[in-house]
Each structure stands twice: as C-alpha cells, then as structure tokens.
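Okay, so here's the structure we're looking at.
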Amino acid sequence: MAEPADRKVLPVPPAPQGHYVPVVVHGGIAYTAGMTPRVDGRLAVRGLVGADLTVTEARVAAGLAAGNAVAAVAESVGGLDRVRRCLRMTVYVACRPDFTHHSAVADGASEVLRDWLGERAAVARSAVGVSSLPSGAPVEVELTVAVTTD
C-alpha cells in the first residue's frame with residue numbers, strides 16, 4: 001500500500017475519472033468531487049474495509065484521498081494560503097455490513113487535513129459506510145472549504 005507522500009509538497013490532484021470537474025468554487029466556497037486514494041493517477045488501494053483491509057490500512061487510504069482533495073482545492077484557488085477554513089467533510093467507507101469503525105477510518109483523513117492546514121482543518125464530519133465505491137476504492141472523501149477568491 002502506498003504511504004502518504006511528503007507533506008511538504010502537495011500531491012498532484014488526480015484527473016477526473018468521468019464527466020465532472022474536481023472542484024467547483026462559488027461564493028467563496030469550494031466543493032470537491034469525491035476523491036479516492038489515487039497516487040500519480042492510479043488507485044493505490046483497493047478493497048473492502050473489514051474484509052480485505054484493516055482499519056489502519058483504510059486510515060492511510062483516507063489520508064491519501066483527503067490529500068488529493070486538499071490539493072485539488074489549492075490548485076483551483078491558487079494555493080493553500082487561500083484556504084480560509086474547512087467546513088465539512090464526508091468520508092465514505094466501503095466496508096462489510098457488520099463494520100462499525102467508520103470514524104476511526106475517517107480520522108486518517110482528518111489527520112491529513114490538520115497536517116496541511118492546522119487549525120483551519122477543524123471540520124464538521126460524517127463517516128458513512130457503503131457497499132462499494134468507484135474502481136473498488138475503500139474510501140472516498142468530499143470536502144467543502146471556505147476560500148479567498150479575490
């Protein structure tokens with residue numbers, strides 16, 4: 001499994017895997033598409049959490065996905081310094097029906113946000129279990145972020 005990249009350099013945001021844009025900015029708010037744990041455009045982690053992946057492995061995957069979301073926002077608005085505050089994050093976890101540690105997986109995404117944005121990363125968050133995600137990804141992260149657009 002790929003480990004998170006050097007956190008001094010943002011990852012290159014993954015290209016969309018369909019007909020959509022990675023980020024929409026409107027009225028000072030950036031909304032990301034769902035981001036999966038892609039590295040260099042390739043899905044780095046696949047599987048069902050609680051069956052194929054441990055919570056620890058899924059946390060790393062969630063961190064990769066969150067890093068991609070932060071990178072996409074930064075690219076769309078001209079840098080991390082234009083991110084005013086994270087507002088909301090949803091972490092989808094592809095897992096077994098009896099899996100109950102969604103929040104522990106989502107903590108991997110929250111930790112990466114904090115590493116990049118410090119106090120600006122404190123976010124309202126949902127962690128949701130689902131039966132499957134695109135391309136067999138174990139996690140998908142969506143962010144809503146207040147940004148400076150002037």
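Computed from a predicted model, the values in this text were never measured in an experiment. When a residue number appears, it is its place in the shown sequence, counting from 1.
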Measure the spacing between CE of M35 and CG of L143 and express it to the nearest 0.5 Å.
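With rounding to 0.5 Å, CE (M35) is 8.5 Å from CG (L143).
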Taking all atoms of both residues into account, what is the closest heavy-atom pair of [X] and [Y], and its distance?
X	Y	value
A30	V73	CB-CG1, 4.2 Å
A44	V39	CB-CG2, 3.9 Å
T36	A137	CG2-CB, 3.7 Å
A58	V49	CB-CG2, 3.6 Å
R38	P14	CD-CB, 3.9 Å
L53	P138	CD1-CB, 3.4 Å

Residue pairs, two or more places apart or on separate chains, that pass ring pair (Phe, Tyr, Trp, His ring centres under 6.0 Å) and touch residues 58-111
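Matches after skipping sequence neighbours: F99-H101, F99-H102.
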Could you name each residue pair satisfying ring pair (Phe, Tyr, Trp, His ring centres under 6.0 Å) that touches residues 16-46, not counting sequence neighbours?
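Not a single pair qualifies under ring pair (Phe, Tyr, Trp, His ring centres under 6.0 Å).
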Where do V60 and V45 land on the side-chain contact (heavy atoms from CB on, under 4.5 Å) test, with the steps shown first?
CA-CA 9 Å; V60 171; V45 187; over 6 Å; no
Does anything in residues 12-28 pair up under salt bridge (charged side-chain N to carboxylate O under 4.0 Å, His left out), and if so which pairs, sequence neighbours excluded?
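The answer is none; no pair qualifies.
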Same apolar cluster (I L V M F W Y, side chains within < 4.5 Å links), M89/V128
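No, M89 does not connect to V128 through the hydrophobic network.
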With a 4.5 Å cut-off on side-chain heavy atoms, are V55 and V105 touching?
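In short, these two side chains touch, coming nearer than 4.5 Å.
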With a 4.5 Å heavy-atom cut-off, do P37 and L43 have their side chains touching?
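With C-beta onward as the side chain, the pair touches.
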Please list all pairs passing the side-chain hydrogen bond (donor to acceptor under 3.5 Å, both in side chains) test where one or both residues lie in residues 119-131, with sequence neighbours left out.
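Passing the test, one end in residues 119-131: R88-S126, D107-R125, S110-R125.
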side-chain hydrogen bond (donor to acceptor under 3.5 Å, both in side chains): pairs with one or both residues in residues 68-86, sequence neighbours excluded
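Found none.
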Let me see the working for V25 and V77 under side-chain contact (heavy atoms from CB on, under 4.5 Å), right down to the final yes or no.
CA-CA 8 Å; V25 179; V77 299; 3.9 Å; yes
Holding to side chain to side chain donor-acceptor pair (under 3.5 Å), I want the full list of residues that pass it with T32, two or more places apart in sequence or in another chain.
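Per chain and number, T32 pairs via side chain to side chain donor-acceptor pair (under 3.5 Å) with no residue.
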What residues join V24 in its hydrophobic cluster, counting side-chain heavy atom gaps under 4.5 Å, either direct or through other members?
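Cluster partners of V24: V21.
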Run L117 and C86 through side-chain contact (heavy atoms from CB on, under 4.5 Å) and show every step you take.
CA-CA 9 Å; L117 298 167; C86 291; 3.5 Å; yes
Residues in salt bridge (Lys or Arg N to Asp or Glu O under 4.0 Å) with R96, at least two apart?
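D98.
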Tell me every residue that passes side chain to side chain contact (heavy atoms under 4.5 Å, CB included) with A94, counting only those two or more places apart in sequence or in another chain.
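Result, side chain to side chain contact (heavy atoms under 4.5 Å, CB included) vs A94: L48, V130, L133.
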